[in-house]
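Here it is: the structure, laid out below.
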Protein chains: 2
Amino acid sequence: MARILKMPLETTTRVAATTAPQDVLAEDAATFDVLRRMREDILCCVLKPDQRLRFGELRQRYDTSVGTLREALSHLVSEGLARTEAGRGFSVAPISLADFLDLSELRVYLETRTLADAIHHGTDAWEAEIVSAYFLLSKLKPPRTDDPVAVKREWAKRHKRFHDSLVATCTSPWSLHFRSELFDQARRYHWLTMIHARSRRPNEHLELRDAVLARDVDLSCRLIEKHIRTTVEQAASEVPGLTMDAGRPGKRRRG
Amino acid sequence: MARILKMPLETTTRVAATTAPQDVLAEDAATFDVLRRMREDILCCVLKPDQRLRFGELRQRYDTSVGTLREALSHLVSEGLARTEAGRGFSVAPISLADFLDLSELRVYLETRTLADAIHHGTDAWEAEIVSAYFLLSKLKPPRTDDPVAVKREWAKRHKRFHDSLVATCTSPWSLHFRSELFDQARRYHWLTMIHARSRRPNEHLELRDAVLARDVDLSCRLIEKHIRTTVEQAASEVPGLTMDAGRPGKRRRG
DNA sequence: TGTAAGCGAATTTTCGAAACTTCCCGAACT
DNA sequence: AGTTCGGGAAGTTTCGAAAATTCGCTTACA
């Protein structure tokens, strides 16, 4: 059996976060709340790629001031979920197959790296959280095209929690930070895939869970790699309009 | 330790740089200027690690409003150069040896990955820029402790330009993005090392330049890896007070 | 008919002040 | 002596409006 390190319970979920980069703006009440809601709206394509983000509409939608919006938008820009051009305001970051391929390649490295390290430093509490997160995920079937949005959102939430639980004991704050950013980026494409999904996939999460709990580093890494690559292939073949170019109609010409 | 997985870089097909993540907030005039100046001040430890960033002082120093400052600070937080706690405002991100070790490990991967890809896609213009950047760097000797700050800053600027030129033709926008963020993080530690440097190092940049221009991927990667690790070792042994913990001295009273 | 300039509306950017929270210090009480 | 409570100051967060800029439409002209 795998060797279980005895650690104080306190260090279960929070991993040696000594000098970790700060993923989140801090629970700054209003700003943080707006940021979270906007991020979710971009990830779930309520705010569509390349869509212009005017302050007038945003102010109405999120019921807040321009200053607060500006701060949240500024944060989204550094996460790569929004863009800004001097004098032209903000817009949702574009998507493209090239982008998805690129970020997925990096994801393969970061997910395997963090997962291997997490398995190495796994604890009982870590295993328990994985079991719990998988249980919650498995209670919902992967959503289909005609499922209501609320169901899709809940599934996406549990899906994220499961994957986060796998790497929770990784000891590299920077790896976790970048992994998290890329995972969120990928969520946009996952959402599109979910919307248009025709094919069904076998339960890769169960395999992954068992491999991780068995502390099989090689198998776990191979599974997560395959998991990522399969998703890319599925998106490439089943999401209409996901082309190699940025999908941005260069210059608007009249007519 | 931490063996580098040799990945098929070719799989990153021709990625048009169209969908690159936006490193920069955009040349938003005021905000961007303040952001750049603050970042430089943090990198060069004018604003010291863990230092509290009060709006009163900042407003005076950068001659701008709270709103603008807030936006710049918010951006620095997502870059990992600042922190914020609800209701307690902002502060400069702490430093520690653990942090430097962690980010350097990731840097080794990202620098080698981007460098290998850049060499594969190198052009004449790319080579020319490397030659030019190296020339400018070599005109200044690595600064010593007693050199004026302006000299140190200029050297740091040229040093960054040289390293940026090496990877300029890399086709992976996300890899470049994260490489850039980590390079800036490392600059804080480089600055500290420069301040306290006792030992001198051989001219690693010349070796690196020649290996890259010779399109020798393996040698180039080995050299950049050694370059990074040597810097870490030098900082660990020569920078006083750079310990493994977060180095956060609980309470700080102004004096 | 095509091009360029000009004007008005819409939008973004910047700012200073009001509202709110936290922190510090002294006084009263156990 | 130590602890708790309260008042005041310092600092942060949020907001709406003023200033600056861009965009689209109309008009003038070759």
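Numbers restart at 1 for each chain; the letters A, B, ... are given by sequence-line order, proteins then strands.
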Separation of atom CG in A/Leu69 from atom P in D/dG16, rounded to whole Å: 12 Å
Whole angstrom value for the distance that separates P of C/dT12 from CG of A/Leu73: 10 Å
Interatomic distance, B/Glu71 CD vs D/dT14 P [rounded to whole Å]: 14 Å
For A/Phe162, ring pair (Phe, Tyr, Trp, His ring centres under 6.0 Å) partners two or more places apart: A/Tyr134, A/His205
With sequence neighbours excluded, residues passing ring pair (Phe, Tyr, Trp, His ring centres under 6.0 Å) with A/Trp155: A/His159
By side-chain hydrogen bond (donor to acceptor under 3.5 Å, both in side chains) - contacts of B/Asp147 (at least two apart): none
Atom pair distance, as rounded to whole Å: CZ in B/Arg70 and P in D/dT12: 9 Å
Short side-chain N/O contact to C/dT14 OP1/OP2 from B/Thr31, under 4.0 Å: yes
With sequence neighbours excluded, residues passing side-chain hydrogen bond (donor to acceptor under 3.5 Å, both in side chains) with B/Ser104: none
Separation of C/dT22 P from B/Glu85 CD (nearest whole Å): 11 Å
Whole-Å gap separating C1' (C/dT21) and CZ (B/Phe55): 14 Å
A/Phe183 and A/His163 aromatic ring geometry - parallel, tilted or perpendicular at 30°/60° bounds: tilted
Those residues that, when tested against A/Asp117, pass side-chain hydrogen bond (donor to acceptor under 3.5 Å, both in side chains) (two or more places apart): A/His121, A/Thr171
Residues from residues 56-66 of chain A lying under 4.0 Å of DNA chain D - heavy atoms: A/Arg59, A/Thr64, A/Ser65, A/Val66
Atom pairs under 3.5 Å: protein N/O with N/O of nucleotides 18-23 of chain D:
residue	atom	partner	partner atom	Å
D/dC23	OP1	A/Arg88	NE	2.8

With A/Trp191 via ring pair (Phe, Tyr, Trp, His ring centres under 6.0 Å) - residues at least two apart: none
Phosphate contact (C/dT13 OP1 or OP2) by B/Thr68 side-chain N/O below 4.0 Å: no
A/Arg54: side-chain hydrogen bond (donor to acceptor under 3.5 Å, both in side chains) partners, not counting sequence neighbours: A/Glu57
Aromatic plane relationship, A/Phe90 with A/Phe55 - under 30° parallel, 30 to 60° tilted, over 60° perpendicular: perpendicular
Distance in angstrom units between A/Phe32 CZ and D/dT12 C1', rounded: 18 Å
Sugar-phosphate, base or nothing in reach of A/Gly67, heavy atoms under 4.0 Å: nothing
